[in-house]
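Working notes, beginning with the structure itself.
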Amino acid sequence: MNLLVCISKTPETTAKISFTDGDTKFNSEGVQYIMNPYDEWYALVRAIELKEQHGGKVVAINVGGSDNDIIIRKALAIGADEAVRVNGEESSSLFVATQIANYAKDKGFDIVFCGKETINYNGSEVGPMIAELLDQPFVSFASKLDHDGSAATIERDIEGGVEVVKVNGPFVLSAAKGLAEQRIPNMRGIMMAKRKPLEVAEASAVDEKVIVKSYSLPAGKSAVKMLDPENMDELVRLLHEEAKVI
Amino acid sequence: MSVLIFAEATKGQYKKNAFEAVYYGSQLAKQLGTEAVVFTIGNGSNAAVLGQYGANKIWNQDSSKATDSQVASALIAQAAEKAEANYVILSNSALGKSLTGRLGVKLNAGVVSGVTSLPDTSGTPCVNKQVFSGKGIACYELKSGKNILSVMGNSLKPEVVGSDVAPENTSFTEPSTGLEIIETKTVDGTVPLPEAELVVSAGRGMKAPENWGIIEELADVLGATTACSRPVADTGWRPHHEHVGQTGVAIRPNLYIAIGISGAIQHLAGVNNSKTIVVINKDPEAPFFKAADYGIVADLFDVVPKLTESLKKFKQ
Ligand SMILES: Cc1cc2nc3c(=O)[nH]c(=O)nc-3n(C[C@H](O)[C@H](O)[C@H](O)COP(=O)(O)OP(=O)(O)OC[C@H]3O[C@@H](n4cnc5c(N)ncnc54)[C@H](O)[C@@H]3O)c2cc1C
Ligand SMILES: Nc1ncnc2c1ncn2[C@@H]1O[C@H](COP(=O)(O)O)[C@@H](O)[C@H]1O
């Protein structure tokens with residue numbers, strides 16, 4: 001099978017969030033970056049497992065600058081066969097999706113894997129955009145995927161349960177928890193990654209339709225009220241009268 | 001010009017997320033001095049109620065493939081064109097998330113998913129959404145004349161502003177796709193987490209899965225949905241769909257009671273938008289207290305049954 005995995009870079013999950021340049025830019029000073037967990041733990045690993053089962057290859061793709069090469073190498077160390085970075089600033093979901101669709105369009109991938117969402121912009125936008133640009137089905141939040149070589153049976157998370165779907169032909173999928181088990185790259189993988197091809201392609205221009213004008217931090221919580229554990233009636237009263245939630 | 005709203009039905013019923021989208025769209029239509037047109041797929045019969053949340057017109061298209069993003073986005077796009085919509089509003093639900101990006105490409109429109117308030121349309125329009133898993137807010141400028149917005153759950157309270165509107169049937173063209181919907185398996189009885197107003201959640205402080213009885217009893221008395229921290233789901237103490245946080249379900253209930261959960265930043269990322277947070281933890285230094293409205297330092301095995309008793313008294 002010919003599989004493409006979209007990998008993105010996000011601030012490490014405990015990173016402190018702040019903004020610079022008059023609150024128009026994310027302050028990346030001192031921030032550690034990681035591969036987006038949904039891309040790394042679920043999408044990439046399930047793609048590698050399918051390749052191990054059916055043969056073929058796994059290509060990892062990222063849209064971004066050269067400082068992303070470190071996460072791309074990690075994807076190769078985990079087991080992707082080759083990688084491509086589309087060089088450009090990831091200014092919007094549409095920009096990213098356009099680059100990936102342009103790359104994928106004439107290469108006959110059976111499945112394009114994305115993560116459920118990036119943990120910085122939480123958009124869940126890139127996957128469906130790629131699907132629309134390629135005019136293919138999109139299966140969101142896949143938590144189980146079996147492929148018999150010609151058709152895929154997938155369970156996808158919906159509110160309060162799962163929907164089971166079957167897809168014939170190529171499609172785009174977003175990976176949710178459960179799709180695979182995280183793999184830690186081993187020494188051999190890390191050594192091999194150095195010799196695997198990392199192609200750099202140039203980005204094409206996109207007519208941006210939305211841009212971030214400014215950022216702000218959410219309003220802080222007022223101080224916590226500590227209550228006497230022996231008096232739960234008081235908590236119930238406060239929830240009813242003060243917070244008005246019960 | 002108009003605002004087109006896609007109202008999503010779950011098992012034939014319109015629920016909170018549909019009311020929120022319709023109310024948001026109708027408020028936006030009012031702000032723009034235009035009409036709110038609601039579009040639904042495969043379920044016209046119950047749709048009249050959406051008029052109460054501000055729909056001026058309701059269109060319904062019969063189809064059994066409402067959850068296939070290729071079919072639904074094609075139908076919604078045709079409705080948007082018919083309505084000459086310059087805004088398309090959806091819920092930021094599982095289905096909504098698979099449609100927003102598609103529609104943006106199809107209609108050549110701007111996309112902002114998970115908006116938390118109405119756009120400011122006084123100048124060049126802009127709208128807020130949460131980023132960095134709730135740790136920041138971004139204000140997006142809408143540069144295109146056409147925009148697709150999906151509304152974050154629980155970010156506004158739908159109000160009754162009108163009365164029932166009779167749905168009209170449409171006959172847009174349905175594309176054929178390679179996707180076949182086999183079945184839907186849902187857990188019956190409880191309110192799914194993303195829709196729950198009241199949530200009781202527990203973590204590793206519970207020590208073992210057989211201790212969950214006190215959590216279920218508390219949730220029962222409250223009429224709440226149960227949730228858990230990630231390690232609890234990872235070790236199989238609780239089902240995966242209960243896992244909340246950055247890599248689990250993100251929720252915004254009115255009340256979140258966190259029991260024996262330390263309050264790691266990745267956990268908070270999925271729950272810190274709850275209106276009121278109660279934290280029960282035996283460690284006064286637990287980071288969760290910083291994000292709480294009400295805190296109780298105590299052994300959960302003592303205090304949870306007491307809280308359940310107090311609630312029982314209150315409910316009588
Ligand atoms: C990339 C990444 C993503 C993650 N995503 C998530 C996520 O989505 N959701 C999530 O929850 N976690 C997530 N985590 C894990 C997170 O960092 C924490 O490890 C996890 O939330 C801790 O779970 P916990 O609070 O149940 O357990 P612990 O941290 O072990 O806390 C247990 C708490 O129970 C208290 N306690 C113990 N006994 C009692 C008692 N008898 N009475 C009262 N209190 C008691 C303790 O004082 C302690 O505070 C993620 C981690 C990473 C690295
Ligand atoms: N810059 C990028 N390069 C490659 N893939 C990306 C990029 N940004 C996002 N993606 C993919 O799209 C998914 C959803 O991203 P988002 O729409 O931002 O939530 C991610 O999990 C990735 O798989």
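In what follows, chains carry the letters A, B, and so on, assigned in the order in which the sequence lines appear, proteins first and then strands, with residues in each chain numbered from 1. Please read these numbers as outputs of a predicted model, since none were measured by experiment. For the numbers below, each heavy atom of this structure counts, side chains included, while hydrogens, waters and symmetry mates do not.
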Please report the shortest heavy-atom distance between [X] and [Y], naming the atom on each side.
X      : Y      : answer
B:C126 : A:K213 : SG-NZ, 3.7 Å
A:P137 : B:G178 : CG-N, 4.2 Å
B:S98  : A:P128 : O-CB, 3.6 Å
B:G110 : A:V210 : CA-CG1, 3.8 Å

Between [X] and [Y] (side chain of the first, backbone of the second, donor and acceptor by atom type, cut-off under 3.5 Å), is there such a pair?
X      : Y      : result
B:T186 : A:G161 : no
B:K135 : A:P218 : no
A:E125 : B:S113 : yes
A:Y215 : B:V131 : no

(message) Between A:K177 and B:D234, is the salt bridge (charged side-chain N to carboxylate O under 4.0 Å, His left out) condition met? List the steps.
(response) CA-CA 10 Å; A:K177 185 180 167 181; B:D234 279 352; 3.0 Å; yes
Quick one, [X] and [Y] - any side-chain contact, counting heavy atoms below 4.5 Å?
X      : Y      : value
A:L217 : B:I137 : no
A:V165 : B:E180 : no
B:D293 : A:V224 : no
B:T247 : A:Y38  : yes
A:V164 : B:I181 : no

Interface moiety of [X] toward chain A, non-hydrogen atoms closer than 4.5 Å:
X      : answer
B:I182 : both
B:K313 : side chain
B:L193 : neither
B:T116 : neither
B:T100 : neither
B:V278 : side chain
B:Q266 : side chain
B:A264 : neither
B:L222 : side chain
B:K146 : neither
B:Q70  : side chain
B:E195 : side chain
B:A269 : neither
B:H240 : side chain

I'd like to verify something: which residue of [options] has the highest number of heavy-atom pairs under 4.5 Å with chain B?
options                       : value
A:I154, A:T14, A:T10, A:I130  : A:T14
A:T153, A:I246, A:L133, A:T98 : A:I246
A:V139, A:L238, A:V162        : A:V162

(message) What I want to find out is whether B:K106 reaches A:E132 closely enough, with some N-O distance under 4.0 Å, to be called a salt bridge.
(response)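 Salt bridge present between B:K106 and A:E132.
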(request) May I ask you to say whether A:E159 pairs ionically with B:K15, meaning some side-chain N is under 4.0 Å from a carboxylate O? (result)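 No, this pair does not count.
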Nearest 0.5 Å please: distance from the [atom1] atom of [X] over to the [atom2] atom of [Y].
X      : Y      : atom1 : atom2 : result
B:I296 : A:K225 : CD1   : NZ    : 12.5 Å
A:K166 : B:E183 : NZ    : CD    : 13.0 Å
A:K244 : B:N254 : NZ    : CG    : 12.5 Å

(request) Against chain B, label A:I158 side chain, backbone, both or neither, depending on which of its atoms sit under 4.5 Å from a heavy atom there. (result) both
(request) Start with the C-alpha distance between B:V111 and A:L94, add both sets of side-chain angles, then the distance that settles side chain to side chain contact (heavy atoms under 4.5 Å, CB included), and finish with yes or no. (result) CA-CA 9 Å; B:V111 169; A:L94 182 65; over 6 Å; no
Short side-chain donor-acceptor distance under 3.5 Å, [Y] and [X]:
X      : Y      : result
B:Y294 : A:E242 : yes
A:E163 : B:T67  : yes
A:K209 : B:N108 : yes

(message) Looking at A:E241, I want to see if its CD is surrounded by more than 12 non-hydrogen atoms of other residues, nucleotides or ligands under 6.0 Å.
(response)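 Check passes, neighbour count above 12.
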(message) A quick test of your reading: do over 12 heavy atoms of other residues, nucleotides or ligands sit less than 6.0 Å from NZ of B:K157?
(response)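 No - once you tally the heavy atoms of other residues, nucleotides and ligands closer than 6.0 Å, there are 12 at most.
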